2 protein chains.
Amino acid sequence: MLTERRATILGLVVREYVQTAEPVSSKALVDRRGLDVSSATVRNEMARLEDEGYITHPHTSAGRIPSDLGYRTYVQSLMAEEPVGADEQRTITHQLHQVAGALDEWLSLTATILAGAVGNVAVVTRPRAVTAGRLRHLQLVELNPDTALLVAVMDDGRLRQRLVPLRIPATQAQLQDRAARLNARMAAIDGASARALATEIADTDEASIVRATAELIEEHRGAEETYLDGLSRALRQPEFADPDRMLNAVARLQAYRLRSLLEGAADAQPGETRVVIGSELAADEMQDWSVVIARYGDIDAAGTVAVVGPTRMAYERTIPRVRYIASLMGQLLRDMR
Amino acid sequence: MLTERRATILGLVVREYVQTAEPVSSKALVDRRGLDVSSATVRNEMARLEDEGYITHPHTSAGRIPSDLGYRTYVQSLMAEEPVGADEQRTITHQLHQVAGALDEWLSLTATILAGAVGNVAVVTRPRAVTAGRLRHLQLVELNPDTALLVAVMDDGRLRQRLVPLRIPATQAQLQDRAARLNARMAAIDGASARALATEIADTDEASIVRATAELIEEHRGAEETYLDGLSRALRQPEFADPDRMLNAVARLQAYRLRSLLEGAADAQPGETRVVIGSELAADEMQDWSVVIARYGDIDAAGTVAVVGPTRMAYERTIPRVRYIASLMGQLLRDMR
DNA sequence: GTTAGCACTCTCGGGGAGAGAGTGCTAACC
DNA sequence: GGTTAGCACTCTCTCCCCGAGAGTGCTAAC
């Protein structure tokens, strides 16, 4: 059972370790954290905490390090969140409004801001419709008489483009007409229906346009765009002092591998912030990592904001900042509509 | 003066050092590279080569390392390019054709392929029109009665989008008309003219659409999209065994810093491959790096392909591979039109 | 239950010492 | 005169040892 005093000590161990990255000794807690018991008492309590699995030992004569369970307990019940101060809020919103207009720049900027605020790697995914994969609108632009550029606007506001060769040359006006006709038949169509429609159409060029659209819709369903920043900052943390570990970290934070980390929050509601610590992560090779993750948006479209870093992470700072940025993004997304 | 024998020795030193990443001793050259003179003779020649600045010494009792001048001489006159074999060509073209259709995926794939082929970081930029910054076509899509999505197709085939709020609600049909009208007035317009045009227009909504278009055109002029891959592979090279150096490398290969490296080839012709070695790079902090760079495309639109890595680079492999990929991309680009 | 005291353990950094690798030079050789 | 064997010399690299220091766990006293 975690008595009040042991809980206090566990909290102090976590805080001290997060700050210094050194194993925490009983003496350090008494001296630097103002515990009013002796170091011997702390040692006894630490031994209990270790028995119960909250902290560990790198070796006999070293201080204590929180275990995943220790961090989990800390996050769940010991930690006091450090609110995002008024100044910091102002700075963040100010930075965020620098690029209003282009969604992709905005997302990449958000990753940069969040990474800066928490000193770790930040990941932001582009908002996607939950139902994602329907066409909102298509356009045809003449590039030359034999080729049209097909531009598909998807229901989440993203664009996809493809070149379509034309058997029969067409002018821009003709393409416009054709696009209008197709839009009428393909309102909010999904990939499968578009593919079915393509087979019914007699006109070769029109069929190939519809087929290309179907492909674009299907491609689009699977694609998740992620924006990442803060890698080189995060690598300065002492856990990566060893070149092998650093190399591992770089290799593992390639965008396409992040997907599995972010999946854990696919079912989270906007407003909810999740923390996944060390061994709680499904990926075996990420046992030293934690992820703080939130969804933003609403039923129409939602994306993910996350911070990824070593388990030794300032959770009390990171969690409210991820939550704050997620709520800001939700708001901005609503404003955009 | 570089006698024939000294040139041979210099070439061997470069090859051996590139392969082993260890300072090259006189004995190693005789034993492993089959020179038919004694190691003492090689030592004499090496001393001369060092006087002339082609190689250096990390310390008294260590072997020799090529200097930047040594590499330069090697690349310029000693090296025999290692051609891209038929198998390798087939593999590359096969991979490249996997994603024909979507330009951005194609570029990112190209970076991956090139990085794999040379074992270093590869960078590819999206082709841009030399005259870049003219509008090809604009489209308006209704999102809701008060907001339209402005999609601009630029003369290099890239898309830019922006939300435009509407004072007076409009239907898709009305937007279509308006787009057609504006396209007629704004054919191949550049940013400045578009901006001027905006002031002449009375209709508030139309003026704001034109203004937004002007902004998109101007944004577009400056933006260079770069695709990068191979970082974690390159970091495995022994020059990054030291964590500080590795960290530096990661920090420096952020896309936005690469721009200055690639600028050196802005005036290169497609087909030409340039090599910039160590101190020849303008950036002081990149003295240990080399860049092999080529332009691809033609007068209408051109982009850059480059490999970035330590000066100890297999130039004879890298150069032909960069050239080959660049020529392939030029070809594919032509096919797309 | 708390604490002082103390033996014990483990790490970390510094200091040789020795091995090994290479060079530069000299003198002999072809 | 170029080439080479031989050798002294230099420098690095690795291993090992040792002492200092940090911390713990336990015991006995409070």
Side-chain angles (χ1 to χ4, degrees), chain A residues 1-10 12-14 16-17 19-67 70 238-239 241-243, chain B residues 1-10 12-14 16-17 19-67 70 238-239 241-243:
Chain A
M1 232 234 54
L2 199 59
T3 64
E4 194 172 334
R5 189 168 69 184
R6 277 206 285 286
T8 309
I9 291 178
L10 173 57
L12 292 177
V13 168
V14 172
E16 181 76 10
Y17 182 63
Q19 206 177 82
T20 63
E22 303 276 305
V24 181
S25 74
S26 53
K27 193 156 172 301
L29 281 196
V30 175
D31 292 356
R32 305 188 30 192
R33 297 279 166 168
L35 272 179
D36 56 352
V37 289
S38 75
S39 66
T41 308
V42 175
R43 274 202 292 285
N44 287 331
E45 295 290 48
M46 279 177 154
R48 284 291 302 272
L49 282 169
E50 184 160 0
D51 287 346
E52 291 162 353
Y54 295 106
I55 54 182
T56 36
H57 245 173
H59 58 86
T60 339
S61 71
R64 294 318 209 288
I65 286 181
S67 66
E239 14 274 286
D242 177 54
Chain B
M1 234 233 53
L2 199 60
T3 63
E4 193 170 336
R5 188 167 69 181
R6 277 205 284 288
T8 309
I9 291 178
L10 174 57
L12 293 177
V13 168
V14 172
E16 180 77 10
Y17 182 63
Q19 203 176 87
T20 63
E22 303 274 305
V24 181
S25 74
S26 53
K27 192 157 172 301
L29 281 195
V30 175
D31 290 357
R32 306 186 32 192
R33 297 279 166 171
L35 272 179
D36 56 352
V37 288
S38 75
S39 67
T41 308
V42 176
R43 274 202 292 284
N44 288 332
E45 295 290 49
M46 279 177 156
R48 284 290 301 271
L49 283 169
E50 184 161 1
D51 288 346
E52 291 162 355
Y54 295 106
I55 54 183
T56 35
H57 243 172
H59 58 85
T60 341
S61 71
R64 295 316 209 289
I65 286 180
S67 66
E239 13 273 286
D242 177 54

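Convention: sequence-line order gives letters A, B, ...; per-chain numbering from 1. Here the structure is a predicted model, which means the values were calculated and not measured.
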Q. Hey, are the side chains of B:L12 and B:E16 touching, using non-hydrogen atoms and a 4.5 Å cut-off?
A. no
Q. Which part of the nucleic acid does B:T60 contact within heavy-atom distance under 4.0 Å: base, sugar-phosphate only, or nothing?
A. sugar-phosphate
Q) Is any side-chain heavy atom of B:R32 less than 4.5 Å from a side-chain heavy atom of B:T20? A) yes
Q | Heavy-atom side-chain contact between A:V13 and A:Y54 under 4.5 Å | A | no
Q: Could you tell me which nucleotide pairs with D:dC13 by Watson-Crick or G-U wobble geometry, both distances under 3.5 Å, or answer none if nothing does?
A: C:dG18
Q: Assign each of A:S26 and B:P58 to its nearest nucleotide of DNA chain D by heavy atoms, then name whichever residue's nucleotide is nearer the 5' end.
A: B:P58
Q: State, yes or no, whether a side-chain contact exists between B:M46 and B:L29 at a heavy-atom distance under 4.5 Å.
A: yes
Q.
Base, sugar-phosphate or nothing for A:S25? Non-hydrogen atoms, less than 4.0 Å.
A. sugar-phosphate
(Q) Are the side chains of A:R5 and A:R48 in contact, using a 4.5 Å heavy-atom criterion? (A) no
(Q) Both B:S38 and B:H59 contact DNA chain D. Which one's nearest nucleotide lies toward the 5' end? (A) B:S38
Q. In terms of the nearest nucleotide of DNA chain C, which residue is placed more toward the 5' end: B:A40 or B:S61?
A. B:S61
Q | Identity of whatever pairs with D:dA28 - Watson-Crick or G-U, under 3.5 angstrom | A | C:dT3
Q) Hey, does A:S39 reach any base, or is it just sugar-phosphate, or nothing, if we go heavy atoms under 4.0 Å? A) nothing
Q.
What range of DNA chain C does chain A touch, first nucleotide to last, counting atoms under 4.0 Å from its heavy atoms?
A. C:dT2 to C:dT11
Q. Are any side-chain N or O atoms of A:S67 and backbone N or O atoms of A:G53, one a donor and one an acceptor, separated by less than 3.5 Å?
A. yes
Q: Check the distance between D:dG1's C1' and B:R5's CZ and give it to me in whole angstrom.
A: 12 Å
